[in-house]
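Numbering starts at 1 and runs along the sequence shown.
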Amino acid sequence: GEAAGCQTAPAPLCAFVHCHSGGRKMSKPPSEALARKFHAALAAINAGDPRQAERLLKGILDKAPGQFEALMMLGTLHGQQSRFDKAASMFERAVRSRPGEAGAHFNLGLARSRLGMKDEAIARYRRTLELVPGHLEALNNLGSELIASGRWDDALSALRQALALHPRDGRLLNNLGFAQLESGDADGAIESFSRALAVSASNSEIHTNLGLAFQKTGRRDQAIAEFR
């Protein structure tokens, strides 16, 4: 039957990244001892021991407060444990340490997204895209944040620009369909959701979104088929 109470939803936000250049080596470590601590922290993360990694990274930052990779890694650990205020603090320091690093701006945007600071998040995603045009994760998150802010025209513009660069990305197509549906363009939404399913055929959320778009245009049988 029909999916009573179903709601369309944009694609989820992309996750934290260590940094644009990889984050697996310290750039110009202040000492061999701190370099060893960094590698021990990385080993602790790989071994599933985030508490030990956090202790080691804090030790590095006590000695070298602006050490970029340690800030990024500690911020990512905080973010993965939903401590978004602490994550934002680390990424703010990372941005000050290396303002031209796109990954730091992206992560700060994501932390602020999680804290509900939409305008600040949007500004950081836009800065990420100034530094790395076509940054797919930033494009996705910018579209999602504009949608969450109800800024439909801005969302549509940003998503269409993103799809010009990544025309077969299912997340971007789903977000475009969502923005079109919410702004009253159900036929456009049907086209976007259908394109999204062409690359993500098993995605149940997109099927539901397409069903709701069919429902809005009175195509009940097609809607029911998507809800199954």
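For the atom pair Asp49 CG and Arg55 CZ, the distance stands at 9.5 Å (nearest 0.5 Å). With rounding to the nearest 0.5 Å, the separation of CZ in Arg96 from CZ in Phe91 is 13.5 Å. To the nearest 0.5 Å, atoms CZ (Arg171) and CD (Glu205) are separated by 12.5 Å.
Counting heavy atoms from C-beta on, the side chains of Ser183 and Leu156 come closer than 4.5 Å. Contact annotation: the side chain of Thr208 never approaches that of Glu226 to less than 4.5 Å [non-hydrogen atoms, C-beta and beyond]. Looking at heavy atoms from C-beta onward, Leu210 lies in side-chain contact with Phe214 at the 4.5 angstrom threshold.
Although no hydrogens or angles enter the test, the distance criterion places no donor-acceptor pair under 3.5 Å between the side chain of His78 and the main chain of Ser89. The backbone N or O of Leu77 sits less than 3.5 Å from a side-chain atom of Gln81, completing a donor-acceptor pair. His207 places no side-chain N or O within donor-acceptor distance of the main-chain N or O of Arg228, the cut-off being under 3.5 Å. At least one donor-acceptor pair under 3.5 Å links the side chain of Arg93 to the backbone N or O of Pro65.
Two rings, from His135 and Phe106, have their centers less than 6.0 Å apart.
Electrostatic pairing of Arg51 and Glu54 does not count as a salt bridge here, judged by no charged N lying under 4.0 Å from a carboxylate O. Taking a cutoff of 4.0 Å between a charged side-chain nitrogen and a carboxylate oxygen, Asp154 and Lys118 do not qualify as a salt bridge.
Atom CG of Asp153 sits in a sparse spot, with 12 or fewer heavy atoms from other residues, nucleotides or ligands closer than 6.0 Å.
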Practice item. Could you walk me through whether Gln161 and Ser157 pass the side chain to side chain donor-acceptor pair (under 3.5 Å) test, one step at a time? Key: CA-CA 6 Å; Gln161 289 177 42; Ser157 175; 3.2 Å; yes

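Side chains of Gln180 and Ser192: a donor-acceptor N/O pair is present below 3.5 angstrom, by distance only. When only modelled atom types and interatomic distance are considered, Ser144 and Asn175 share a side-chain donor-acceptor pair under 3.5 Å. Judged by distance alone, the side chains of Ser149 and Arg151 never bring a donor and an acceptor atom under 3.5 Å apart. Judged by distance alone, the side chains of Glu69 and Gln67 do bring a donor and an acceptor atom under 3.5 Å apart.
When every heavy atom of Gly211 is checked against every heavy atom of Ala223, the shortest pair comes out as O-CB, 3.2 Å.
The salt bridge (Lys or Arg N to Asp or Glu O under 4.0 Å) test with Arg112 is passed by exactly one of Glu92, Glu145, Glu120: Glu92.
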